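In what follows, a single structure is set out as structure tokens and then discussed.
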Protein chains: 2
Amino acid sequence: MPDAHDVLFRTLADPTRRALFERLCREGEKTVGALTAQAGVSQPVVSKHLGILKQAGLVRDRHEGRQTHYSAQLGALAPLVDWTREMAGFWQSRFNALEDLLKRMDQ
Amino acid sequence: MPDAHDVLFRTLADPTRRALFERLCREGEKTVGALTAQAGVSQPVVSKHLGILKQAGLVRDRHEGRQTHYSAQLGALAPLVDWTREMAGFWQSRFNALEDLLKRMDQ
DNA sequence: AGTTTACATAGCTCTACAGCTATGTATAGA
DNA sequence: TCTATACATAGCTGTAGAGCTATGTAAACT
């Protein structure tokens, strides 16, 4: 039974799938057709990726007639942020190459 | 040519490899032997994973006699943090399920 | 009812890669 | 120098999964 980090990393590791998620983040809700038009892969492949993103909790779907609208669920990224913070935390007292990183995280 | 995000996500997607990186973050510098003893896979596999982590910039190696000491390079996680922040940014004006996330990121 | 459109599912192939064992290389010790 | 130790590399096998085409399902339109 893979943990939350596992699912997130594995889901986002595929470039095509990550690109779909990024588009949904940037441009908001999109239909499968609209996503397919720019994805560079076939419609079944897009549907499959969206299914995997949905399983990971990264997207929601909304049915409207025969269209399905997908949208990103940003909250699902929380475990990833936590993991990064945790790794950074372990290191906090060791090096200072991480100052850059912490500056980024704290904005 | 895969970009930095691609390399990071793909590198961290493997559980065995991510576990190695996590141990190096938690416990600091370790030899290949010490890592192998707890990894649950053979020594060549550990060496291979460490090589991949090194290529991704996530670890450094230091040779001392016939031992090789590996240590985590936290700075390499920066692109991942930036990516997450970017995705969050795109959404900032859309939903507020992300308030949780931003709270975490800003500490 | 029949057709078209939108998406999902099924079934296949092919490649990437994680794991193994065996071997190579280099350092430490006898 | 000969052996033992520590790690890296080579070569192989098995499997997960990303892509495809073909087909299924369901809604809109005529």
Side-chain angles (χ1 to χ4, degrees), chain A residues 1-3 5-24 27-72, chain B residues 1-24 27-73:
Chain A
M1 50 177 180
D3 62 6
H5 303 144
D6 220 272
V7 172
L8 279 182
F9 277 117
R10 277 224 318 271
T11 301
L12 293 171
D14 181 77
T16 303
R17 193 156 53 224
R18 195 173 59 258
L20 286 170
F21 178 70
E22 288 182 10
R23 275 195 70 200
L24 290 175
E27 307 172 16
E29 196 180 69
K30 293 277 173 194
T31 66
V32 176
L35 291 168
T36 301
Q38 310 268 337
V41 290
S42 67
Q43 172 267 313
V45 168
V46 171
S47 279
K48 196 159 146 198
H49 281 307
L50 289 170
I52 294 171
L53 285 167
K54 186 182 169 188
Q55 271 195 314
L58 287 165
V59 301
R60 286 188 67 226
D61 59 346
R62 182 176 67 81
H63 296 281
E64 188 180 317
R66 47 187 174 173
Q67 298 192 340
T68 311
H69 298 261
Y70 282 89
S71 53
Chain B
M1 48 175 184
D3 62 7
H5 303 144
D6 221 273
V7 172
L8 280 182
F9 277 117
R10 276 224 319 269
T11 302
L12 294 170
D14 181 75
T16 303
R17 193 157 52 223
R18 194 172 60 256
L20 286 170
F21 178 69
E22 288 182 12
R23 275 195 70 202
L24 290 175
E27 307 172 17
E29 195 180 68
K30 294 276 174 196
T31 66
V32 176
L35 291 168
T36 300
Q38 311 269 338
V41 291
S42 67
Q43 173 267 313
V45 167
V46 171
S47 280
K48 195 159 145 197
H49 281 307
L50 289 170
I52 294 171
L53 285 166
K54 186 182 168 188
Q55 271 195 314
L58 286 165
V59 301
R60 285 187 68 226
D61 59 347
R62 181 176 67 80
H63 298 281
E64 188 179 319
R66 45 185 175 176
Q67 297 192 340
T68 312
H69 298 262
Y70 282 88
S71 53
Q73 288 289 101

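The shown structure was predicted, so the numbers you read here are calculated from the model rather than taken from an experiment. In what follows, every chain begins at residue 1, and chains take the letters A, B, ... in the order their sequences are listed.
Nucleic acid contact class of A/Thr16 (heavy atoms, under 4.0 Å, all strands): sugar-phosphate only.
Between the side chain of B/Arg10 and the main chain of A/Pro15, no donor-acceptor pair closer than 3.5 Å is present.
Contact check, A/Ser42 against D/dC20: a side-chain N or O comes under 4.0 Å of OP1 or OP2.
A/Phe9 has its CZ atom 20 Å from the C1' atom of D/dG17, to the nearest Å. In this entry the distance linking CD of B/Gln55 with P of C/dC17 reads 11 Å, nearest Å. For the pair B/Asp6 CG and D/dA18 C1', the interatomic distance rounds to 14 Å; values are reported in whole Å. When rounded to the nearest whole Å, the span between NZ of A/Lys30 and C1' of C/dC7 equals 17 Å. A/Arg17 has its CZ atom 12 Å from the C1' atom of D/dG19, to the nearest Å.
Legend: residues meeting salt bridge (charged side-chain N to carboxylate O under 4.0 Å, His left out) with B/Lys30, ordered by chain and number and at least two apart, are B/Glu27.
The line from OH of A/Tyr70 to CG of A/Leu58 is 13.0 Å long, rounded to the nearest 0.5 Å. If you take CG on B/Asp61 and CD on B/Gln67, they are separated by 13.5 Å, rounding to the nearest 0.5 Å. Expressed to the nearest 0.5 Å, how far NE2 of A/His69 lies from CG of A/Leu24 amounts to 12.0 Å.
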>> Under the criterion side chain to side chain contact (heavy atoms under 4.5 Å, CB included), I'd like the reasoning laid out for B/Leu12 against A/His5: C-alpha separation, chi angles, the key distance, then a yes or no.
In response: CA-CA 9 Å; B/Leu12 294 170; A/His5 303 144; over 6 Å; no
>> Across nucleotides 1-14 of chain D, 5' to 3', mark each nucleotide with B, S or - according to how protein heavy atoms within less than 4.0 Å reach it.
In response: ---BBSBBB-----
